[in-house]
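Because the structure is a prediction, the values reported are computed rather than measured.
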Amino acid sequence: MPELPEVETIVRALQYGGRGAPGIPGRQVESLRLLWPRTLAEPSEAELLQRLPGQSVQRISRRAKLIQIHFERDTLLIHLRMSGDLRVEPVTADVQKHDRLLIQFGDGLRLAFNDTRKFGRVWLTSDP
């Protein structure tokens, strides 16, 4: 289970770069793929696919073990639960067996939410 220090490490890597990948602030969402529908707690998949593309990442933060990806109008909240992890990788990389959500940016990178046990959850909200 990712504990608070691991969650903070992931947040800093997403914000500033690290773990072999660049940071994601300033990158614009081009498209999304929800590979395991129950990963998304709210809103509906259709609403997520409508609202998030076109928005740019402003910053990454953390509240307790909840990762907050702040966009221009919305905030994506991610709880990794027991086995979740986030990767920044080229869009040409193979999709891994336990990837649950892929967010593709316009510059050829993507953010992958990988969760072996399928306990992790994602919320998109305009007011975190």
Side-chain angles (χ1 to χ4, degrees):
M1 174 185 298
E3 295 297 338
L4 195 60
E6 289 84 13
V7 173
E8 180 65 23
T9 299
I10 291 169
V11 167
R12 289 181 184 184
L14 293 175
Q15 178 69 32
Y16 305 111
R19 299 173 76 193
I24 62 171
R27 299 181 192 284
Q28 186 175 27
V29 175
E30 183 177 276
S31 63
L32 295 101
R33 285 179 55 198
L34 186 61
L35 304 172
W36 179 254
R38 291 190 349 192
T39 296
L40 181 63
E42 0 181 297
S44 67
E45 182 177 354
E47 189 174 343
L48 175 76
L49 296 174
Q50 179 206 9
R51 285 172 50 185
L52 205 52
Q55 292 193 56
S56 294
V57 176
Q58 302 299 302
R59 65 186 175 90
I60 316 296
S61 66
R62 174 188 62 77
R63 182 170 180 102
K65 291 185 183 179
L66 202 62
I67 298 169
Q68 302 177 354
I69 302 177
H70 303 273
F71 292 92
E72 296 161 320
R73 295 178 302 278
D74 293 305
T75 301
L76 190 68
L77 306 173
I78 302 172
H79 198 298
L80 302 174
R81 301 273 167 98
M82 292 184 72
S83 58
D85 193 19
L86 293 169
R87 300 184 318 275
V88 177
E89 62 189 11
V91 296
T92 56
D94 291 336
V95 174
Q96 293 186 12
K97 179 179 180 180
H98 301 292
D99 284 347
R100 307 297 175 207
L101 174 67
L102 302 173
I103 300 174
Q104 184 171 325
F105 300 111
D107 62 356
L109 290 178
R110 74 174 168 220
L111 177 66
F113 176 44
N114 185 283
D115 185 21
T116 305
R117 295 185 177 174
K118 302 179 183 174
F119 292 152
R121 292 293 177 265
V122 175
W123 298 263
L124 183 67
T125 179
S126 57
D127 184 16

Arg110 side chain vs Gln104 backbone, donor-acceptor pair below 3.5 Å: no

Value rounded to 0.5 Å, distance of OG in Ser126 from CZ in Arg51: 5.5 Å

For Ser56, enumerate each residue passing the side chain to side chain contact (heavy atoms under 4.5 Å, CB included) test, keeping only those at least two apart in sequence or located in another chain. Gln28, Gln58, Glu72

Apply salt bridge (Lys or Arg N to Asp or Glu O under 4.0 Å) to residues Arg33 and Asp99 and explain how you reach the verdict. CA-CA 10 Å; Arg33 285 179 55 198; Asp99 284 347; over 6 Å; no

All heavy atoms of Glu3 vs all of Lys65, minimum pair found to be OE1-NZ, 3.0 Å

Does any N or O in the side chain of Asp74 come within less than 3.5 Å of the main-chain N or O of Phe71, such that one atom is a donor and the other an acceptor? no

Out of curiosity, does Val91 fall in the hydrophobic cluster containing Phe105 (side-chain heavy atoms, cut-off under 4.5 Å, transitive links)? no

Least distance between heavy atoms, Arg73 atom then Gln55 atom: N-OE1, 2.8 Å

CG-CD1 distance between Leu111 and Ile103, expressed to the nearest 0.5 angstrom: 5.0 Å

With rounding to the nearest 0.5 Å, note down the distance linking CD in Gln68 to CD1 in Ile60. 10.0 Å

Is there a side chain to side chain contact (heavy atoms under 4.5 Å, CB included) between Ile67 and Leu76 once you walk through the steps? CA-CA 8 Å; Ile67 298 169; Leu76 190 68; over 6 Å; no

Okay, side chain of Ser83, backbone of Arg117: is any donor-acceptor separation there less than 3.5 Å? yes

Drop me the distance from Leu66's CG to Leu77's CG, to the nearest 0.5 angstrom. 5.0 Å

Under a single-linkage definition using a 4.5 Å side-chain heavy-atom cutoff for Ile, Leu, Val, Met, Phe, Trp and Tyr, are Tyr16 and Leu14 assigned to the same hydrophobic cluster? no

Closer than 3.5 angstrom, by distance alone: can the side chain of Asp85 be matched with the main-chain N or O of Asn114 as a donor-acceptor pair? no

Taking C-beta and beyond as the side chain, do Arg38 and Lys118 meet within less than 4.5 Å on heavy atoms? no

d(Thr116 OG1, Gln96 CD) to nearest 0.5 Å is 9.0 Å

Can you check whether Asp115's main-chain N or O pairs, donor with acceptor, with Arg100's side chain at less than 3.5 Å? yes

Note, Leu102 side chain near Leu35 side chain (heavy atom, < 4.5 Å): yes

Closest approach of Ala21 to Val88 (non-hydrogen atoms, all atoms of both residues): CB-O, 3.4 Å

Say you draw a straight line from CG of Asp94 to CD of Glu89; how long is it, rounded to the nearest 0.5 Å? 9.0 Å

Atom CZ of Arg62: over 12 foreign heavy atoms under 6.0 Å: yes

Ile78 and Trp36: same hydrophobic cluster, using ILVMFWY side-chain contacts below 4.5 Å? no

Glu30 versus Pro53: any side-chain heavy-atom pair under 4.5 Å? no

What one should report as the nearest heavy-atom pair of Ile24 and Val57 is O-CB, 3.5 Å

Heavy-atom closest pair (Leu48 atom, Pro43 atom, distance to 0.1 Å) is N-CG, 4.1 Å

Heavy atoms of Ser61 and His70 approach each other most closely as OG-NE2, 2.7 Å

For the residue pair Leu40 and Leu101, establish whether any side-chain heavy-atom pair is separated by less than 4.5 Å. no

Determine, using the 4.5 Å side-chain heavy-atom cutoff (strictly less than), whether Leu109 and Leu86 are members of one ILVMFWY cluster. yes

Pair Phe113, Arg87 - check side chain to side chain contact (heavy atoms under 4.5 Å, CB included), show working. CA-CA 7 Å; Phe113 176 44; Arg87 300 184 318 275; over 6 Å; no

Are Trp123 and Val29 linked, directly or through intermediate hydrophobic residues, by side-chain heavy-atom contacts shorter than 4.5 Å (ILVMFWY only)? no

